[in-house]
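Below is one structure; the comments refer to it alone.
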Amino acid sequence: MKGQRTERLVRLASKFFLYPSKLFSLTELAEEFGVSKTVISDDVVVVDNAISEEGLGRMQVDRGRSGGAKFISACSPEYKYATLAKVASELSAPDRNLPGGLIYYSDILFNPDTAFALGRCMASVFEDTEADVIMTTEVKGIPIGMFTARAMGVPLAICRFRNRPGDGAAVGVHYPSANGDVKTMYLGTRQLAKGTRVLIVDDFMRGGSTAAGMLLMAKEFGAKPVGIGVFLACDEPKEKTVPKHRSLLTLSHDKKGRNHISVSDDIDKKM
């Protein structure tokens, strides 16, 4: 369908946005829109310039003989910081404080618009990991895990704390919790393959025991962890049970025990 260029650009951009990280053949796109491959290549440049200017990501083009283009959902440092600063401000409301120095944030994570933006931020932080699958835990890890997977164009594997018959065969691992108890998590045998590159994503980290459990799960499957990303991490204790992680937001407490939410130091703050 040849049509007008404006219509073609809109439809072309929609294809890329709907399927992040999926490689589209330039030859097939040219045939679909009834134009030459050169015209489609020029259109991709226009789309790339527009989304880059908005800080929404970029186009990646394969100039080889077969030729292809895909949308990389990597938001700019400015977009990341503005998004996270807004969420941090919302979470800083005194009525969100919970006993034990915790913060109520379920409504934030289960708001599709906010979770979508947070998933894009998380995907941008781990853009270079080339993850094959995102791993998270039920329940509050699911929204940010799902939208991170969506942004990176990969599937989501969910570790559960109870194995249900409808989940099919599963692998269970035991891991120590922060209070010294031993907990168990399960992952369906069909969700992860040997050699898979796994990005672990979770909603909250204090000591890191849940993330450590997911590392054990990845090891059990013979998968390769490529990073640990957390929506909100406590600054204490400094020493976590996982070797390394990156968080979008940091929860700290002053001498009077009051909560403070801030954008994590390792998030680019260029404005």
Side-chain angles (χ1 to χ4, degrees), residues 1-80 83 112-113 115-136 143-157 191-193 195-201 223-227 229 246 248 267-268:
M1 184 181 295
K2 195 167 184 176
Q4 298 294 321
R5 190 186 190 197
T6 301
E7 178 186 345
R8 187 175 68 247
L9 285 170
V10 171
R11 293 180 59 205
L12 190 63
S14 298
K15 280 181 175 290
F16 292 128
F17 291 159
L18 286 172
Y19 301 98
S21 298
K22 178 180 178 179
L23 187 68
F24 287 88
S25 166
L26 296 181
T27 301
E28 292 178 4
L29 289 173
E31 292 175 355
E32 178 181 347
F33 289 104
V35 295
S36 69
K37 187 176 173 181
T38 299
V39 169
I40 285 293
S41 296
D42 291 341
D43 289 347
V44 170
V45 172
V46 173
V47 173
D48 183 38
N49 290 338
I51 61 177
S52 297
E53 184 67 25
E54 291 294 321
L56 300 177
R58 68 179 188 279
M59 296 301 302
Q60 183 173 304
V61 181
D62 177 8
R63 298 293 183 183
R65 186 171 184 179
S66 56
K70 60 183 176 180
F71 169 55
I72 305 298
S73 183
C75 48
S76 67
E78 294 81 6
Y79 177 97
K80 259 189 299 190
T83 298
D113 291 339
F116 174 74
L118 291 173
R120 295 188 66 247
C121 290
M122 187 71 77
S124 297
V125 171
F126 293 95
E127 176 189 356
D128 298 330
T129 60
E130 298 181 352
D132 300 313
V133 64
I134 306 300
M135 179 189 287
T136 192
I144 191 167
M146 176 61 78
F147 282 109
T148 301
R150 177 74 178 84
M152 299 182 80
V154 298
L156 176 68
Q191 294 196 59
L192 211 57
T196 302
R197 296 174 62 84
V198 178
L199 173 61
I200 294 171
V201 173
K224 179 183 179 181
V226 294
R246 298 186 70 182
L248 300 181
I267 299 298
D268 211 333

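Residues take their numbers from the sequence shown, with the count starting at 1. On a predicted model such as this, the values are computed, not experimentally measured, just so you know.
- Of all heavy-atom pairs spanning Cys121 and Cys75, the tightest one is CA-SG, 3.9 Å.
- Here the shortest heavy-atom pairing between Gly119 and Ala151 reads O-CB, 4.2 Å.
- Tyr79 carries Arg120 over the face of its six-membered ring, with the cationic atom under 6.0 Å from the centre and within 45° of the normal.
- In terms of heavy atoms, Ala223 sits closest to Val198 at CB-CG2, 3.6 Å.
- Taking CD1 of Ile134 as the start and CG of Leu199 as the end, the distance is 4.0 Å to the nearest 0.5 Å.
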*Begin with the C-alpha distance, continue with both residues' side-chain angles, and end with the deciding distance and a verdict on side chain to side chain contact (heavy atoms under 4.5 Å, CB included) for Val39 and Phe33.*
CA-CA 10 Å; Val39 169; Phe33 289 104; over 6 Å; no
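- Applying the side chain to side chain donor-acceptor pair (under 3.5 Å) test to Lys15 and every residue at least two apart in sequence or in another chain returns Glu32.
- The shortest side-chain heavy-atom distance between Met59 and Lys70 does not fall under the 4.5 Å cut-off.
- Of all heavy-atom pairs spanning Ala117 and Thr83, the tightest one is CB-CG2, 3.8 Å.
- Within the model, atoms CZ of Arg11 and CD of Glu7 stand 6.0 Å from one another, a figure rounded to the nearest 0.5 Å.
- Looking at Gln191 and Leu156, their side chains never come closer than 4.5 Å, going by heavy atoms from C-beta outward.
- Residues Ser41 and Leu26 are in side-chain contact: their nearest non-hydrogen atoms beyond the backbone lie under 4.5 Å apart.
- Looking at Asp43 and Arg5, a side-chain N of the basic residue comes within less than 4.0 Å of a carboxylate O on the acidic one, giving a salt bridge.
- For the atom pair CG (Leu118) and CZ (Phe147), the distance works out to 10.0 Å, reported to the nearest 0.5 Å.
- Residues Ser73 and Ser124 come closest through the heavy atom pair O-OG, 3.9 Å.
- A 4.5 Å side-chain heavy-atom check between Leu248 and Met122 finds at least one atom pair inside the cut-off.
- Checked by atom type and distance alone, the side chain of Arg197 never pairs as donor or acceptor with a backbone atom of Lys224 at under 3.5 Å.
- Within the 4.5 Å cutoff, the side chain of Val44 has heavy atoms near those of the Phe16 side chain.
- Once rounded to the nearest 0.5 Å, the distance linking CZ of Arg246 with CZ of Phe126 reads 6.0 Å.
- At a threshold of 4.5 Å between non-hydrogen side-chain atoms, the residues Phe71 and Lys22 do not count as touching.
- Here CD of Gln60 is found 4.5 Å from CD1 of Ile72. Values are rounded to the nearest 0.5 Å.
- The closest side-chain heavy-atom distance from Thr136 to Ile144 is not below 4.5 Å.
- Of the possible polar contacts, one joining the Ser14 side chain to the Val10 backbone as a donor-acceptor pair under 3.5 Å is found.
- One distance of note links NZ of Lys37 with CD of Glu31; it measures 10.5 Å at 0.5 Å rounding.
- Around OH of Tyr19, the count of heavy atoms belonging to other residues, nucleotides or ligands within 6.0 Å does not exceed 12.
- One finds no salt bridge joining Asp48 and Arg58 here, because no Lys/Arg side-chain nitrogen approaches an Asp/Glu carboxylate oxygen to under 4.0 Å.
- Counting heavy atoms from C-beta outward, Val154 and Asp132 have side chains that stay 4.5 Å or more apart.
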